[in-house]
Amino acid sequence: MNAPLPASVTRSSPDTADLARRLVQETEGEVLFDAASRSRYATDASIYQIMPLGVFVPKTARDVAMAIDIARDLKAPLLPRGGGTSQCGQATGAALVMDFSKHLRQVLALNLVDSTAVVEPGIVLDHLNAQLKPHGLWYPVDVSTSAQATLGGMAGNNSCGSRSIAYGNMVHNVVGADAWLADGSSVSFGPLAKLGAKERAIADFVRGLADSLAPEIDERWPTVLRRVAGYNLDIFRPRSERPYTSDGSVNLAHLLVGAEGTLAVTRSLTLQLAPLPRAKVLGVVNFQSFHAAMDSAQHLVKLGPSAVELVDRTMIELSRANPAFRPVIEAALIGAPAAILLVEFSGDDKAVLLRQLQALVELMGDLGLPGSVIEMPDEAPQKSLWEVRKAGLNIMMSLKGDGKPVSFIEDCAVPLEHLAEYTDALTEVFQRHGTRGTWYAHASVGTLHVRPILDMRRDGALRMRQIAEEAAVLVRKYKGAYSGEHGDGLCRGEWIRWQFGPRIDDAFRAIKDHLDPDHLLNPGKIIDPPKMDEASLFRFPPSYRTIPLKPVLDWSAWNVQNDPATETTTAPGTGGDSTGGFAKAVEMCNNNGHCRKFDAGTMCPSYRVTRDEQHLTRGRANTLRLALSGQLEGYTREDAFTSAPVKEALDLCVGCKGCKRDCPTGVDMARMKTEFTAHYKARHGHTLRDRVIAHLPRYAHIASRMPWLLNLRNRVPLLARLGERMLGFSARRSLPRWRRDSFWNVAGSLRLASAAEALASSKSVVLWVDTFNGSFETENASAAVQVLQAAGYAVHVPQRPQHRSGHLCCGRTYLSTGMVDEARARARELLDVLLPFAQRSIDIVGLEPSCLLTLRDEALVLGLGDAAQTVAQHALMFEEFIAREARAGRFAPALKPSTQAMRVHGHCHQKAFAAIQPVMEVLKLIPGAAPELIESSCCGMAGSFGYEAEHHAVSMQMAELSLLPAVRAAPDALIVADGASCRHQIADGTAREALHVARVLANHLA
Ligand SMILES: Cc1cc2nc3c(=O)[nH]c(=O)nc-3n(C[C@H](O)[C@H](O)[C@H](O)COP(=O)(O)OP(=O)(O)OC[C@H]3O[C@@H](n4cnc5c(N)ncnc54)[C@H](O)[C@@H]3O)c2cc1C
Ligand code: SF4
Ligand code: SF4
């Protein structure tokens, strides 16, 4: 049995009902006190989990002030939170969690004269930088989590970016902070000379402490740039090798930087901006030994680089194993190096940068490594290489099984002259404890990330303690900082006293007592921290158990264990998971928060429009994990999984597969939703609408005989309203139009090859026509036939053998409604027909991404054996097939030129399976065509989702995020979209017709 989530680490709980009631009555913010909402805020990107008292999402600054007052009245602890991406547990706590990221995210002022910006704490770094870019400015603390980290959280953690050697940490780039103290009063912290009376008194108090501790500070305070532990008492006795201010003055705002929300709640931050560098050059230095790479860092930094980043042999090999990244990484390698260092120079004058690059080449020669540098003066290859580095880390994080790379000593910082010795010694520590780590990141500032693989459900805590203690000895020996980037939190709090000694630690307590006498702000962090290995605070304690569950899909690939020492993984199905691997797949979510991104890619459309943790991949994974492990308060272990909170969390998941592609650990929420829906419907039953959607392939051919009758619903508003009431299809939507000339009814006129002819032909292809194109969009299927035949292929279109007019279906509509047995039966029938062709290596081409790609995805986990594998290997989207054949010189029909602009919208599943580039490639076969890809997430229609009355509004919001505005902005362009639902959404939203790529090609056949 799992122990219940710890409700408090430091104090008895206040009356949460009172707290919730007053927040509802006295503020405009969102008050989330139900068990599922609280659970979703119980974790950050650390190994810890603590149930909050409640969650409050303020809409205005007034809401925050009110919440602080109410919390103080009721003696409820408060925990301000941004993206929740902290790695040490500082964003978790038995407190009222206040989420700033949803509403408080404005740039309040931008001063172009002194290059400063005043921002609310909830703004995400990338969003800020997007607003600064037109002004030639950026905020240069470029953390890896820039797409989801908020400025409030970055200040809370004193975050540091890859380019900290050039720009410093947060503390070097914050020039002012307005905040509320725990007593509700407002303070405005900034340069000492400009402080008001209240603030000056605080400054005097801190100065007094610093003065009285001068000898201790001089003796014990790490001087490395990357020291983020404790409070910044050194504002009054500077110790950092990079001063916090350029003129040596004191800025009281720096006291709050790195305080992890324990001293004050930030209302706004004034940031020092930097000019965007106009140019960058990169030198990739290849080393035959890891030690040599580490040893050279101290010399490289003297050249003035903006970054020196490490990629070790394991990362190199992982990147090489990925076909997409192999050419990029290999372009950076000389032979088979043990490590490479990416040395970047940036600035305004490219000529100067090129000279610096030359100096790097010469330096390496002087250091006895001539010819070790690959020079990359152009930005495109540089960008690709940085992406490879990121991807390598992602692959490492995707390790399946209970052993995971654990972050707890991953940002110790040591002076560069000791870096080689330190990394050698730490590698030996790992070996002694039966594990190993992969090294990467910031060699320039002596902060190398390394995560030993530990199994927290077994002996992980013990090993963590031993490794931490031995690492600490090394850090002290080399006069480094134990916490050099990710803060203290629950993981490193106990090391503060070790690092600074009892007197400085007592001074930290005095600062806390002075500013937050009742210890209401983020208690248990920095002051009175728990032990790092306190098992009751772990997300996966040794007592963690999942419920027994027979999954309907095959999750055995996740049901494995791994050996930390060798990093080998056991065979699928041997991991001992009581849910057959489903729970372990869910547990792959490590809460890094990458799904909160808004940039290119699909993930996660429902979060993009709601900004709710509940409607985020991470929130869904957490809800599922807690339900599967019986930790969802208010539900029994048996009932939790199929409960209302889980359904609600998955409700807006459109099954776009964005997470399958974009999540660093490959969390495939669409597949998880199918698994859930099957169990949920088994318990609660199917609705009439479920049946109408699911059985569409079954009744489609009958419907095509009486289209006039069924299409009445689209013409008569009363019928549409009736349909909404009875079936739940939105009356504001047109439904796909039935037609008598369905593809099945006209296929006879198309000179199609029989199965025998296709099998006998030397140039044949199977065109599998799905329910949607076959029933509603005859033109697409006919166009595909026309194009393939024009290129000389014998085209066979398979049909259900036993039904004259029936067609073959992949089972997608059944999967989406949780009817997995029916889906399996339909998919099996399809595979039986397709298998003989696949066995003869005849390609199976499809037009609808969600249907064809089911053959390469869900069909493989339906228990359909080798046939599914064989067919999957030959299942291609129409455009994938054409692009490949064109590249091989087998597709070359004459095409008429085009002068019309083209905009392409990729279906989510095309994006998830990297099948969007072929669309562009195929369109470029048309002479003169210059297609442009619309940077869009999901269109919002997503199968039946957008037709459902309760989802119509969200569906339209998703479409309005980028797709529909992009279509409207190109009134003369030809819009290309391969997904049936995407075309419908574009038509509904813009009254424009989008074409399948097959039709575009057919229209250009000479
Ligand atoms: C994969 C990965 C990579 C990372 N890479 C980096 C990196 O390159 N560099 C780096 O420095 N860190 C890195 N981190 C750690 C983390 O992303 C950063 O520290 C980030 O800045 C935290 O931002 P957040 O919005 O998620 O803050 P949260 O985690 O939500 O909060 C961080 C702290 O700030 C406090 N806080 C938040 N808002 C307020 C407020 N309004 N007032 C007062 N206190 C507040 C919180 O209480 C908490 O103590 C990484 C994490 C992950 C998972
Ligand atoms: S779902 Fe993926 S991207 Fe989102 S937090 Fe979990 S691991 Fe990260
Ligand atoms: S499938 Fe799409 S909507 Fe669902 S969680 Fe993943 S990215 Fe979000």
Side-chain angles (χ1 to χ4, degrees), residues 4-44 48-82 84 89-104 121-122 152 156 179-186 259-267 489-490 512-530 536-537 613 633-634:
L5 289 177
S8 169
V9 279
T10 54
R11 61 185 70 230
S12 60
S13 298
D15 183 346
T16 51
D18 225 17
L19 185 58
R21 185 184 49 76
R22 284 196 57 190
L23 287 168
V24 168
Q25 285 172 352
E26 298 173 38
T27 75
E28 293 171 12
E30 296 166 46
V31 181
L32 310 171
F33 274 57
D34 60 286
S37 295
R38 287 185 293 127
S39 306
R40 283 187 279 269
Y41 284 84
T43 40
D44 54 13
Y48 301 102
Q49 171 175 295
I50 307 176
M51 187 69 142
L53 301 176
V55 177
F56 180 60
V57 187
K59 285 198 175 132
T60 60
R62 182 191 165 274
D63 285 345
V64 181
M66 290 303 297
I68 293 173
D69 286 348
I70 295 167
R72 190 181 60 256
D73 276 1
L74 300 175
K75 304 236 170 304
L78 258 181
L79 166 50
R81 175 162 155 142
Q90 57 267 55
T92 67
L96 175 67
V97 172
M98 206 172 343
D99 180 350
F100 281 82
S101 67
K102 184 168 178 182
H103 299 293
L104 297 172
W180 293 275
L181 298 182
D183 65 5
S185 61
S186 292
E260 302 185 356
T262 60
L263 295 182
V265 177
T266 309
R267 176 180 185 150
L490 299 166
K512 172 81 173 171
D513 290 345
H514 193 72
L515 294 184
D516 176 19
D518 295 329
H519 290 212
L520 286 178
L521 298 178
N522 204 1
K525 317 292 154 42
I526 302 185
I527 305 302
D528 296 328
S536 67
L537 304 180
E613 189 71 27
E633 260 178 38

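Position 1 is the first residue of the sequence; numbering continues from there.
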Using atom types as modelled and distance alone, determine if a side-chain donor or acceptor of [X] lies under 3.5 Å from a backbone N or O of [Y].
X    : Y    : answer
R38  : G54  : no
D518 : L520 : no
T16  : L19  : no

If you compare all heavy atoms of [X] against all heavy atoms of [Y], which two are closest, and at what distance to 0.1 Å?
X    : Y    : value
P80  : F100 : CB-CE1, 3.8 Å
S39  : M51  : OG-CE, 3.5 Å
I526 : A259 : CD1-O, 3.6 Å
A94  : I50  : N-CG2, 3.5 Å
E260 : Q90  : OE1-CB, 3.4 Å
L104 : P58  : CD1-CG, 3.9 Å

If you measure from [atom1] on [X] to [atom2] on [Y], what distance do you get to the nearest 0.5 Å?
X    : Y    : atom1 : atom2 : answer
T262 : D528 : OG1   : CG    : 11.0 Å
H514 : L181 : NE2   : CG    : 9.0 Å
H519 : K75  : NE2   : NZ    : 13.0 Å
D44  : L490 : CG    : CG    : 8.0 Å
T27  : F56  : OG1   : CZ    : 3.5 Å
H103 : E28  : NE2   : CD    : 10.0 Å

For residues [X] and [Y], determine if any side-chain heavy atom of one lies less than 4.5 Å from a side-chain heavy atom of the other.
X    : Y    : result
R22  : D73  : yes
K512 : L521 : yes
V64  : R267 : no
P530 : L537 : yes
L79  : Y41  : no

Non-neighbouring partners of T43 that pass side-chain contact (heavy atoms from CB on, under 4.5 Å), sequence neighbours left out: Q49, R539, N591, N622, R625
Could you go through the side-chain contact (heavy atoms from CB on, under 4.5 Å) check for L96 and I70 one step at a time? CA-CA 11 Å; L96 175 67; I70 295 167; over 6 Å; no
